[in-house]
Amino acid sequence: MVLTRTATESSENVCSTFGSRYVRTTLPKYEIGESSIPKEAAYQIIKDELMLDGNPRLNLASFVTTWMEPECDKLIMDSINKNYVDMDEYPVTTELQNRCVNMIARLFNAPLGETETAVGVGTVGSSEAIMLAGLAFKRNWQNKRKAEGKPYDKPNIVTGANVQVCWEKFARYFEVELKEVKLSEGYYVMDPDKAAEMVDENTICVAAILGSTLNGEFEDVKRLNDLLVKKNAETGWNTPIHVDAASGGFIAPFIYPELEWDFRLPLVKSINVSGHKYGLVYAGIGWVVWRAQADLPDELIFHINYLGADQPTFTLNFSKGSSQIIAQYYQLIRLGFEGYKNVMENCRENMVVLKEGLEKTERFNIVSKDEGVPLVAFSLKDHSFHNEFEISEMLRRFGWIVPAYTMPADAQHITVLRVVIREDFSRTLAERLVADIVKVLHELDTLPSKISRKMGTEGLLGDGKAKKVEREILMEVIVGWRKFVTDRKKMNGVC
């Protein structure tokens, strides 16, 4: 969903040089035109504007897949007009989704017999998947509390402060208190010991992240499971675990098979994963699977018959395209276990190339871990002259989109840059990026320091003013620079 804020003056028009061959009048930007225009003109006008978008392949901020094989592109276009919700009209598409759910559930070691069917659903992404999983936990907790004759009006969920914003949305939209384990410098994931301490009788679940958005690190789900098993035995609360494997779910099974994070752990009741991240499908597909049917309350499942047959549905939306589901099935049968393993190992190897290249500059601290999502998060060793936001901004001149951001509470004084290594990010691109970062550093070294100028200004305030500590000064500069960068990007807010 995009929240749009635009000027409404009808005098602002869209013009196109090539479009003028077909239409000689300008078009209003924010209201529908009075008459039709030739299809060639409409195409060219939009194509001209889209040229100013960034190159998706060079968007190193995103975990989302930006390249697929031409054969899969063709399958996507062949099914672009199919509405997935019409299950009776498109029974094969429905069957392909069911196959994907079962493949993914077994990949995550769901306790299924050979003939048993997995419980899960395809979604438009991990955000919807997390909403559905959260609703199932909330309803199960409420039903248990009602049966015990206890209050059920104050549910809470325990997460780390490093969770993606969709968890905050779930808590706010569905009136669940969000209890966050704060971070600390050098430890940027949820501490399982602190998480277990925060659990109480109103906790509907603890959410663990397999692949933090901030630095790609896997949280210790096994340690969390063991702590909660002990606490549940002492209290009788039976607090379960949800694993947000949006990024890591299609990585860990292939290159870290011995890592216990999934349904091998008894308290893990549901797992979500993004097909459009390391599932290697274009944006618009996620999955959520449950350990067993009992973990998904029947009252959350709706049955409809006005499309031709009785159809069970558990989604937040209704209509959606079939293309991404078909694309996910293509990748699962096309690549198989061997193919996914090769892709993930290649991503990890390219991550090492980038990491070692950055280390050779001797200008950065590496914040990310070797085991986790293949990405490199790094920060400047010396902030005396320039900061990460300046590097991020200057890299755009080379076409690279590399985000800079501050860590959540209580590590917000740490700023990092992050490069996500996807399937289409080659060793050559990794080496080229390092070379461009070195160029940016050299150029910044020749420029006046924003921080030193600010510190000089502080000195002019007189001896009566106490000097601010270096960290406070740095934080003010970072905030100011972020505002400067944001003001330059005149775009709509996205939620």
Side-chain angles (χ1 to χ4, degrees), residues 60-61 160-162 182-189 212-217 351 354-370 372 375-398 400-420 430 433-463 465-489:
L60 307 183
N162 57 312
K182 304 302 182 186
L183 309 185
S184 60
E185 185 170 346
Y187 197 87
Y188 304 117
V189 292
S212 171
T213 300
L214 302 178
N215 69 345
E217 188 175 350
M351 174 198 72
L354 178 60
K355 175 190 170 186
E356 291 177 349
L358 293 170
E359 288 175 330
K360 286 179 182 177
T361 69
E362 299 183 346
R363 300 287 293 272
F364 298 105
N365 291 315
I366 304 300
V367 177
S368 51
K369 305 294 184 182
D370 290 338
L375 62 79
V376 183
F378 53 104
S379 61
L380 283 167
K381 290 182 178 179
D382 184 4
H383 291 88
S384 301
F385 301 100
H386 299 284
N387 59 52
E388 290 82 0
F389 292 100
E390 292 174 274
I391 295 174
S392 174
E393 182 70 9
M394 293 186 71
L395 279 172
R396 285 179 176 266
R397 290 165 36 198
F398 297 92
W400 303 107
I401 301 173
V402 178
Y405 51 88
T406 54
M407 290 291 192
D410 288 324
Q412 61 266 43
H413 59 282
I414 304 296
T415 307
V416 299
L417 294 148
R418 187 194 67 207
V419 174
V420 178
L433 176 59
V434 172
D436 289 341
I437 289 174
V438 170
K439 290 179 184 177
V440 167
L441 291 172
H442 177 73
E443 186 171 345
L444 284 173
D445 288 342
T446 65
L447 296 175
S449 167
K450 296 178 184 298
I451 295 177
S452 61
R453 288 204 304 267
K454 180 175 179 60
M455 292 175 71
T457 303
E458 295 284 347
L460 295 176
L461 295 176
D463 296 334
K465 297 283 187 177
K467 284 189 175 182
K468 295 188 175 181
V469 296
E470 182 181 350
R471 180 176 293 178
E472 291 175 326
I473 295 171
L474 176 59
M475 282 302 299
E476 286 192 13
V477 175
I478 289 172
V479 171
W481 184 256
R482 291 180 69 185
K483 184 177 185 303
F484 169 73
V485 172
T486 302
D487 290 344
R488 290 189 60 185
K489 298 176 185 176

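Worth saying up front: this structure is predicted, and the values here are computed from it rather than measured.
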Identify each donor-acceptor pair in which a side-chain atom of residues 437-445 lies under 3.5 Å from a protein atom, sequence neighbours left out, and give them as a table.
from: Glu443; atom 1: OE1; to: Arg397; atom 2: NH1; distance (Å): 3.3
from: Glu443; atom 1: OE1; to: Arg397; atom 2: NH2; distance (Å): 3.2
from: Glu443; atom 1: OE2; to: Arg397; atom 2: NH1; distance (Å): 3.0
from: Asp445; atom 1: OD1; to: Arg363; atom 2: NH2; distance (Å): 3.1
from: Asp445; atom 1: OD2; to: Arg363; atom 2: NH1; distance (Å): 3.2

Between Phe378 and Leu358, does the side-chain contact (heavy atoms from CB on, under 4.5 Å) criterion hold? Intermediate values first, please. CA-CA 9 Å; Phe378 53 104; Leu358 293 170; 3.6 Å; yes
Distance col, row Met351:CE vs Glu356:CD, nearest 0.5 angstrom, shows 9.5 Å
So with a 6.0 Å cut-off around NZ of Lys381, is the heavy-atom count from everything else above 12? yes
Would you say that Met407 contacts Glu185 through its side chain, given a criterion of any heavy-atom pair below 4.5 Å between the two side chains? no
Main-chain N/O of Gly186 paired to Tyr188 side chain as donor or acceptor, under 3.5 Å: yes
So, does Glu393 use its side chain to make a donor-acceptor pair with the main chain of Glu390 at under 3.5 Å? no
Measuring from Leu417:CG to Ser392:OG, what's the distance to the nearest 0.5 Å? 6.0 Å
Please confirm whether the backbone N or O of Ala377 pairs with a side-chain atom of Ser368, one donor and one acceptor, at under 3.5 Å? yes
Would you compute the distance between atom OG1 of Thr406 and atom CD1 of Ile414 and round it to the nearest 0.5 angstrom? 10.0 Å
Dump the intermediate steps for side-chain contact (heavy atoms from CB on, under 4.5 Å) on Glu359 and Ile366, then the final yes or no. CA-CA 8 Å; Glu359 288 175 330; Ile366 304 300; 3.8 Å; yes
Using a 3.5 Å distance criterion without hydrogens, assess whether the side chain of Tyr405 forms a donor-acceptor pair with backbone atoms of Leu214. yes
Decide yes or no on side-chain contact (heavy atoms from CB on, under 4.5 Å) for Leu60 and Val419, but give the supporting numbers first. CA-CA 5 Å; Leu60 307 183; Val419 174; 3.7 Å; yes
Between Pro408 and Asn162 the two heavy atoms that sit nearest each other are CG-CA, 4.2 Å
Between atom CG of Asp436 and atom CE of Met394, what is the distance when rounded to the nearest 0.5 Å? 11.5 Å
With rounding to the nearest 0.5 Å, note down the distance linking NE2 in His386 to CG in Leu380. 10.0 Å
So among Val402, Leu375, Val376, Asn215, which one has a side-chain contact (heavy atoms from CB on, under 4.5 Å) with Arg418? Leu375
Side chains of Ile391 and Phe364: does their closest heavy-atom pair fall under 4.5 Å? yes
In this structure, CD of Glu217 is separated from OH of Tyr187 (nearest 0.5 Å) by 7.0 Å
With sequence neighbours excluded, tell me which residues meet side-chain contact (heavy atoms from CB on, under 4.5 Å) with Asp370. Lys355
